[in-house]
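Structure first, then comments.
Each chain gets a letter, A, B and so on, in the order its sequence line appears, and its residues count up from 1.
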Number of protein chains: 2
Amino acid sequence: MEDTSATVGATRDPAMTDVARLAGVSHQTVSRVLNGHPNVREQTRLRVRAAIEELGYRPNRAARALVTGRSQLIGVVAQNSTLYGPTSLLAAFELAAAAQGFTVSVRRVRVLDRSSIAAAVEHHRDQRVAGIVVIAPTASADEALAEVPADLPLVTVDGDPKRGGALVTVDQEAGAFAATRHLLDAGHDTVWHVSGPVDWFDAAGRIRGWQKALQEADAEVPPVSPADWSAASGYRAGQMLSRMPDVTAIFAANDHLALGILRAMTERGRSVPHEVSLVGFDDVPESAYFSTPLTTVRPDFDAVATETLSLLLSRISTGDTDPAQRILTPTLIQRQSVAPPAN
Amino acid sequence: MEDTSATVGATRDPAMTDVARLAGVSHQTVSRVLNGHPNVREQTRLRVRAAIEELGYRPNRAARALVTGRSQLIGVVAQNSTLYGPTSLLAAFELAAAAQGFTVSVRRVRVLDRSSIAAAVEHHRDQRVAGIVVIAPTASADEALAEVPADLPLVTVDGDPKRGGALVTVDQEAGAFAATRHLLDAGHDTVWHVSGPVDWFDAAGRIRGWQKALQEADAEVPPVSPADWSAASGYRAGQMLSRMPDVTAIFAANDHLALGILRAMTERGRSVPHEVSLVGFDDVPESAYFSTPLTTVRPDFDAVATETLSLLLSRISTGDTDPAQRILTPTLIQRQSVAPPAN
DNA sequence: GCGTTCAGAGTGAGCGCTAACAACATGCCC
DNA sequence: GGGCATGTTGTTAGCGCTCACTCTGAACGC
């Protein structure tokens, strides 16, 4: 190939006009081919495609974004954490978005406070994203969102179902209800709960579902043991609970808490499930291999991700802004950490 | 299509000329203020800033990118997984990049094969990213990278240290050596190894470090038990090892494998650490709460992330393309899963 | 025959910005 | 005062695209 392009490296990338010249058409025709417009003769289309191929032409997105005012960019605001749920969700979302031809730009915030979230959203607006997804699992995150102008498609994940706007989340309450109900059904008089941080909607929802199941069964509602999501805090809560002989069933707000509880129980010689039954939440892949395989509740993070994307894309294309909620029900996964009470 | 936008703001976003008009200067002066050029009178600068504030003006990045040919975008290619290491790394990288004013666009690939990676890299080139980071932990990923044109700053993470190019990774060999050495020091005759998938460089490096420690100690080198990174596969490998009475020490290629092994040992009534000692790798936050708190090796993912970013940024600004490797040494975290052999 | 339609092209403007240069005032030297 | 550097600002020309046009010729109806 010793033709016109013989000059070395420093030449600029080929532009649409270069393709047009090579194909013997106008730049507009190249644009039409690229954007799949009708009214281009098949033969012309082929010539253009060949020229594109030959030059290794790639459209300049910046130029397109400049003139159209739109981009194929989706901004995501997420917390800086490696928690299983948000992580799974984000990975699934990125994959799904890529499949739809969208680029995902992720902005992590160190803490979920008003100003950090506002700044992250502002950043995405600066980038002229087509839409924004905010993983807003806490009240503070949610408040920050209330201040965000509604002129940009925005979908909240794991946010407050009671808030307006577009939202996708898991039915925490139903999951917690099922977990608690399962323990009651096994014959326990009541169920104790080690919760996540109470300013998280997920944690609050799980508390509600747990309470509801107890109340409907006329069971005593014991005090909540508050924790964060970590195994360490589960361990600490478990140390307390392990000293209380009447505790025979525990619903932990996630699997890592359950792991910590499991360890505390073992240390104190209380066998799970024979003396204490335990249910977790999330179904992390490891939970089947805990020293007692864990009965837990599995949210479908893939489904949350695809729902989020489809909701966002529909808002991007229609400009819709009215509230829309998609709430997915998790399923109970039964393993070996639940048994009837000993006596 | 109805254009009933939520807000009345049907008028277009303010542009630089609008700011200029309000401030009584030319658009070029606005540009100078925005880009921190010298040679703008303080008074003028203030007037411009006030006008920007008043109009809520935000620069159009697409226009800037179009004219400069540069963007403040970093593309990341990552695998679709929730493995602790890559996840931690990615989160830390996103945070660090944001702090430097860069936007991170993540492209997930379903499998780490040649064509997927090539497509992901192409996608980023289409976006005219300033640089690319590829998390390339397997041979196939690495091969794909060999075909990528070198005209764009690219840093590989977790790739093959023997390959040229810019690379940041953890010294797997040193970590595995330390883990194995620690078990030998405890008095074990030899150490068995449950490895990660052998096409992963991490896994291969850990195997090498383990072997080296054994060889230097003139210990027998038992066959490797191959697994993937999951607790499930660790459990399967553990079932085998638990039946072999002469197995008294195991180095697992990561903590989740160790968890599976732990469970298999427990099922068979072999106590950890009294009958079998066990060391993991990664130091996942839960590993301190396993039924036996796990002695493990901790890579500093934050450091990997910041090293990656600094290496990439330096290449972006200097245009450097010669090989550069940054290899970080992990540290051994001692807990309770290692003890002297029983007899 | 002439007008009408329409597929299949091309032309020109302009999106919002930066870079290069021009223009002008100011201060300073000799 | 002329010449010249220096600081400050304005003017102009694109970057590579899409959009709204215009233009052309063939098909078709009456």
Can you confirm whether [X] sits close enough to [Y] that some side-chain heavy atom of one is under 4.5 Å from a side-chain heavy atom of the other?
| X | Y | answer |
| --- | --- | --- |
| A:Glu94 | A:Val106 | yes |
| B:Ile74 | B:Leu309 | yes |
| A:Asp158 | A:Gln79 | no |

key: Flag if over 12 foreign heavy atoms under 6.0 Å of CD, A:Glu147   =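 More than 12 heavy atoms, drawn from other residues, nucleotides or ligands, come within 6.0 Å of this atom.
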key: A:Arg58 atom CZ, over 12 foreign heavy atoms within 6.0 Å   =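 Buried by this count: over 12 neighbours within 6.0 Å.
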inquiry  = Here's a test for you: under side-chain contact (heavy atoms from CB on, under 4.5 Å), which of B:Val77, B:Asn80, B:Val109, B:Val121 qualifies with B:Ser116?
reply    =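 When B:Val77, B:Asn80, B:Val109, B:Val121 are each tested with B:Ser116, the side-chain contact (heavy atoms from CB on, under 4.5 Å) holds only for B:Val109.
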request  = Please name the residue in the list B:Arg49, B:Gln43, B:Glu42 that meets the side-chain contact (heavy atoms from CB on, under 4.5 Å) test with B:Leu46.
outcome  =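 So the option named by the test is B:Glu42.
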note = Nucleotide by nucleotide, nucleotides 15-23 of chain D touches protein heavy atoms under 4.0 Å in the pattern (B base, S sugar-phosphate only, - none) BBSBBB---
query = Quick check: does any side chain N or O of B:Ser71 sit under 3.5 Å from a backbone N or O of B:Arg128, one acting as donor and the other as acceptor?
reply =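 Here the side-chain-to-backbone pair exists.
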ask   = Is it true that a side-chain atom of A:His123 and a backbone atom of A:Gly75 form a donor plus acceptor pair closer than 3.5 Å?
value =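 Answer holds: no.
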query = How would you give the extent of chain B contacts on DNA chain C, as first and last nucleotide 5' to 3' within a 4.0 Å heavy-atom cut-off?
reply =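 So the outermost contacting nucleotides come out as C:dG16 to C:dA20.
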task = State plainly whether the residues B:Asp142 and B:Lys162 are in salt-bridge range, i.e. N to O under 4.0 Å.
result =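 No, B:Asp142 and B:Lys162 are not salt-bridged.
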query = Which angle, to the nearest 10 degrees, lies between the helix axes at the two ends of the helix from C:dG1-D:dC30 to C:dC30-D:dG1, each defined by five pairs?
reply =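 Angle reported: 50°, given to the nearest ten degrees.
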